[in-house]
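In what follows, every heavy atom counts, from backbone to side chain, and hydrogens, waters and symmetry copies are set aside.
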Number of protein chains: 2
Amino acid sequence: MTEQPTADAPREQDFLRLDGQICFALNAASRAFGGLYRVVLKDLGLTYPQYLVMLVLWEHGELPVKELGHHLRLDSGTLSPLLKRLEATGLIRRERSAEDERSVHVSLTDEGVALRTRAVEVPRRIAAATGFELTEIRDLQTRLNKLTAALDAAAPEV
Amino acid sequence: MTEQPTADAPREQDFLRLDGQICFALNAASRAFGGLYRVVLKDLGLTYPQYLVMLVLWEHGELPVKELGHHLRLDSGTLSPLLKRLEATGLIRRERSAEDERSVHVSLTDEGVALRTRAVEVPRRIAAATGFELTEIRDLQTRLNKLTAALDAAAPEV
DNA sequence: GGCCATTGAGTTGTGCACAACTTAATCGTG
DNA sequence: CACGATTAAGTTGTGCACAACTCAATGGCC
């Protein structure tokens, strides 16, 4: 591995510079989005993770917690309390499955279904705020998904 | 604005699909990185946000909390307890400034300085795990920084 | 000099992420 | 059928992110 002090191959000491860390750029962008969503979602009475849960339910309808977690990459440790809060606000129902008593099915209440019509505004408001072209967004998204897949694949062997 | 059902201009109902949300891709990638760092940083006894603080201190030396927060986009509400934990592990010192008693200066202990030699491994192990070319990483990073800047600029007016 | 707005840290409360664990239901195999 | 392994959800504990707040120090301005 040849390492010369160029833009593409930084010197040894540069590896620990904060502004050279892709993860920090990712983290910062993610939090910046969070701030934006917090403002936009306030009207709907949702936090950002709660909004993601609602997206999945609007798209797929009733689902066991396990499936929900698969879509969102979240485990029951995160979802259980979050779903309880959503149930408390009256947007979803949680019911033990009759066929398999281990599993809990999550479904939308009428109120939860109704919220969708108010939520269609959200993506457009967010997209407008980024000021990015849609093609650029899609491209970025493709790369990020590739990156996530690579990280997931690498995780077990690190 | 013309909207036709092509790949670049999805139909109305597709706007609420989870897999169409750039923020989710970002969020997922960020958490996937988090999992990787958790494993790698375990040896150093650091969490990922603590590692970021150490990066800034290794790069800039002694800094007031305010400056640290500026680099990391974090406020005192997040930093104060985090810095206390780092102080408790003996990696940093926190000292009230003599010139301005409102401000607290954060500096590295000998132990904190020494940790750097063990940390130089981290970025390479992470980079290896991504399996991405360095140029691709840099490109992605540039776009993310642009995105973050756009979001920050948009935030006040949303 | 006196007064008030501003500033920097810290505290409190809420919610999320995740590891480690518990509990109960189900499955598989002899 | 019995019994150990597996599975799904939930609980507990730690740490981070952030809003809203407190408190003390500072600075500006009359």
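- Of the candidates C:dA9, D:dG15, D:dT11, the closest approach to any side-chain atom of A:Ser80 belongs to D:dT11.
- Within the model, atoms CG of A:Leu26 and CG of B:Leu26 stand 5.5 Å from one another, a figure rounded to the nearest 0.5 Å.
- Between B:Glu95 atom CD and C:dG10 atom P the separation is 13 Å, expressed in whole Å.
- Partners of A:Glu87 under the salt bridge (charged side-chain N to carboxylate O under 4.0 Å, His left out) rule, at least two apart in sequence or in another chain, are A:Arg94.
- In this structure, CG of A:Leu82 is placed 15 Å from C1' of D:dA9, rounded to the nearest angstrom.
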**OP:** Spell out protein contact along nucleotides 18-25 of chain C as letters: B when the base is contacted, S when just the sugar-phosphate is, - when no protein heavy atom is under 4.0 Å; keep the 5' to 3' order.
**Re:** BS-----B
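- Taken residue by residue, residues 62-72 of chain A places heavy atoms nearer than 4.0 Å to DNA chain D at A:Pro64, A:Val65, A:Lys66.
- Summarising the geometry, the separation between CG on B:Leu83 and P on C:dA9 is reported as 10 Å, rounded to the nearest angstrom.
- A straight line from CG of A:Leu41 to C1' of C:dG15 spans 14 Å, rounded to a whole angstrom.
- Residue A:Arg94 is the one, among A:Arg94 and A:Asn27, whose nearest nucleotide of DNA chain D lies closer to the 5' end (criterion: closest heavy atom).
- Going from atom CD of B:Gln50 over to atom C1' of D:dA17 covers 14 Å, rounded to whole Å.
- For B:Lys84, no side-chain nitrogen or oxygen approaches OP1 or OP2 of D:dG15 to under 4.0 Å.
- Counting only residues at least two apart or in different chains, salt bridge (charged side-chain N to carboxylate O under 4.0 Å, His left out) contacts with residues 22-31 of chain A are absent.
- Shown here are the salt bridge (charged side-chain N to carboxylate O under 4.0 Å, His left out) partners of A:Arg38, two or more places apart in sequence or in another chain: there are none.
- Atom C1' of nucleotide C:dA9 and atom CD of B:Glu87 are separated by 14 Å, given to the nearest angstrom.
- Counting to the nearest Å, the P atom of D:dG10 and the CG atom of A:Leu86 are 13 Å from each other.
- Between the side chains of B:His105 and B:Glu62, at least one donor N or O lies within less than 3.5 Å of an accepting N or O.
- Remark: A:Glu136 pairs with B:Lys146 by the salt bridge (charged side-chain N to carboxylate O under 4.0 Å, His left out) rule, at least two apart or across chains.
- For A:Arg93, there are no side-chain hydrogen bond (donor to acceptor under 3.5 Å, both in side chains) partners two or more places apart in sequence or in a different chain.
- Evaluation of the ring-ring contact (aromatic ring centres under 6.0 Å, His included) test over residues 38-61 of chain B, restricted to residues two or more places apart or in two chains, returns B:Tyr37-B:Tyr48, B:Tyr37-B:Tyr51, B:His60-B:His71.
- For B:Arg143, the salt bridge (charged side-chain N to carboxylate O under 4.0 Å, His left out) criterion is met by A:Asp139, B:Asp139, not counting sequence neighbours.
- The phosphate of D:dA9 (OP1 or OP2) has no side-chain N or O of A:Arg96 nearer than 4.0 angstrom.
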